[in-house]
**Q** 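Below is the structure I would like to discuss, written out as C-alpha cells.
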Amino acid sequence: MKIGKVIGKITLSECIPFFKGARWLIVNPLNQDQMSRFQKFEDEVHEIHKVQNEVQNDHEVHNEIHEIHKIRKINSEDSIIVFDNLGGDLGDAIGFVEGREAASPFEDPMPIDAICAALIDRIFYKPENENHH
Amino acid sequence: MHLARVEGSIVASRRHVSLAGWRLVICQPIDREGENEGMPIVAIDPHGAGMHQKVIVSSDGMATRKAVGDQTSPLRMMIVGIVDETF
C-alpha cells in the first residue's frame, strides 16, 4: 500500500446502488520528502495551537487543525479518491491500496480501485539517499 | 517483483483486520545501483528485514492473501525475500 494524506472528503448524491452510504476521502500520496516531515508537522501544529490559543480542550484544537489541513496539498502528485470504512479524518495519514485488490473485502463485485487499509499513527522513516528532483 | 530498500516502518492501530500482527515496512524501490526509482510503498514483512537492507517486494495480491490467510484482504505488497548480493 502507499501512504497518503487526507486533504478532503466527498459526498455523492447520485451514485450506483453499491455506493450508497459509502465514505470517500481525497488523498494526496506522500513522496519521500513529506514522509520524514509528516510526523514532525503533526506534532508541531498541535503544540503551536495549544500554546497560542491557550486551548485546554483537544476538541477545539482538532477543529482548528481541520481548517489548516483542508487546503493544504503538500506535493504535486495526483490526488486519489479512496473508499474508506475505517473513519479517516482530514489531515490523517492513511495507508491505501490501489488496484483490483481494493475490491477484495466485498462479496459483491464493487467498482473500487482504491481502499483505505490503515489509519497511520506514526511513521518511522530514515531514507538512505534523498530523491533527486 | 521489485528490488527495494527498507527505509522505515509504520504503526497503525486502526486498520483492516487482515493486517493484525503484521510488521508494516516502508520500502523504496531502487535500481541495481541503489538509486531511487519511484515512490515509497508499504509492504508486509514476514522475514524481519533490517533497516536499509535490500529486499524483493512482490505486488501479487493472491500471494499476499494466502500469506495473511484472509481471502478478503485488500493487501498487495509483500516482502518475499531479503537480498544477499546483486551483480
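From a predicted model like this one, the values you see are computed outputs, not experimental measurements. Proteins get letters first, then strands, A, B, ... in listed order; numbering begins at 1 in each.
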**Q** Can you confirm whether B:Val11 sits close enough to A:Phe124 that some side-chain heavy atom of one is under 4.5 Å from a side-chain heavy atom of the other?
**A**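 SC-SC contact between B:Val11 and A:Phe124 confirmed.
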**Q** Might you point out which heavy atoms bring A:Ser104 and B:Arg65 nearest each other, and give the distance in Å?
**A**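 So the minimum-distance heavy-atom pair works out to OG-NH1, 3.5 Å.
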**Q** Name the region of B:Ile41, side chain, backbone, both or neither, that has any atom closer than 4.5 Å to a heavy atom of chain A.
**A**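 The answer is both parts of B:Ile41.
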**Q** Say you draw a straight line from CD1 of B:Ile26 to NZ of A:Lys126; how long is it, rounded to the nearest 0.5 Å?
**A**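 Answer rounded to 0.5 Å: 13.5 Å.
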**Q** Could you tell me which portion of B:Ser73 (side chain, backbone, both or neither) has an atom closer than 4.5 angstrom to a non-hydrogen atom of chain A?
**A**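 B:Ser73 touches chain A through backbone heavy atoms alone.
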**Q** For B:Leu24, is it the side chain, the backbone, both, or neither that has a heavy atom closer than 4.5 Å to a heavy atom of chain A?
**A**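 Side chain of B:Leu24 only, per the 4.5 Å heavy-atom cut-off to chain A.
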**Q** Please determine whether residues B:Met78 and B:Leu19 belong to a single hydrophobic cluster, defined as Ile, Leu, Val, Met, Phe, Trp and Tyr linked transitively by side-chain heavy-atom distances below 4.5 Å.
**A**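 Yes: a chain of side-chain contacts under 4.5 Å links B:Met78 to B:Leu19.
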**Q** Can B:Leu75 and A:Glu101 be said to form a side-chain contact (heavy atoms from CB on, under 4.5 Å), step by step?
**A** CA-CA 7 Å; B:Leu75 300 174; A:Glu101 279 73 27; over 6 Å; no
**Q** Most heavy-atom pairs under 4.5 angstrom with chain B, which of A:Glu107, A:Lys2, A:Met1, A:Glu98?
**A**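 Maximum pair count with chain B is reached by A:Met1.
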**Q** Calculate, to the nearest 0.5 Å, the distance between atoms CZ and CD1 belonging to B:Arg15 and A:Ile120 respectively.
**A**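 These two atoms lie 12.0 Å from each other.
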**Q** Quick check on B:Arg23: does its CZ atom have over 12 non-hydrogen neighbours (other residues, nucleotides or ligands) under 6.0 Å away?
**A**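 Above 12, so yes.
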**Q** Rounded to the nearest 0.5 Å, what separates atom CE in B:Met39 from atom CD in A:Glu77?
**A**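 Interatomic distance, B:Met39 CE to A:Glu77 CD, rounded to 0.5 Å: 4.5 Å.
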**Q** Are B:Val68 and B:Met62 connected in a single hydrophobic cluster, I mean Ile/Leu/Val/Met/Phe/Trp/Tyr linked by side-chain heavy atoms less than 4.5 Å apart?
**A**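 No: no chain of side-chain contacts under 4.5 Å links B:Met62 to B:Val68.
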**Q** Looking at every heavy atom in both A:Val97 and B:Pro74, which two are closest together, and how far apart are they?
**A**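 Shortest heavy-atom contact: CG1-O, 2.9 Å.
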**Q** Please check this pair: side chain of B:His16 against backbone of A:Leu86, looking for a donor-acceptor N/O pair closer than 3.5 Å.
**A**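 No, B:His16 side chain to A:Leu86 backbone: no donor-acceptor pair under 3.5 Å.
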**Q** Hey, is CE on B:Met1 packed in by over 12 heavy atoms from elsewhere, all under 6.0 Å?
**A**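 Not buried by this count: 12 neighbours or fewer within 6.0 Å.
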**Q** Are B:Val55 and A:Tyr125 joined in one hydrophobic group, where the rule is that I, L, V, M, F, W and Y side chains link up if heavy atoms are under 4.5 Å apart?
**A**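 No; A:Tyr125 is not reachable from B:Val55 via cluster members.
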**Q** Considering non-hydrogen atoms only, spot the tightest contact between A:Leu119 and B:Ala12 and give its length.
**A**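 Shortest heavy-atom contact: O-CB, 3.2 Å.
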**Q** Heavy-atom distances under 4.5 Å only: say whether A:Ile94 touches chain B with side chain, backbone, both or neither.
**A**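 Interface part for A:Ile94: neither.
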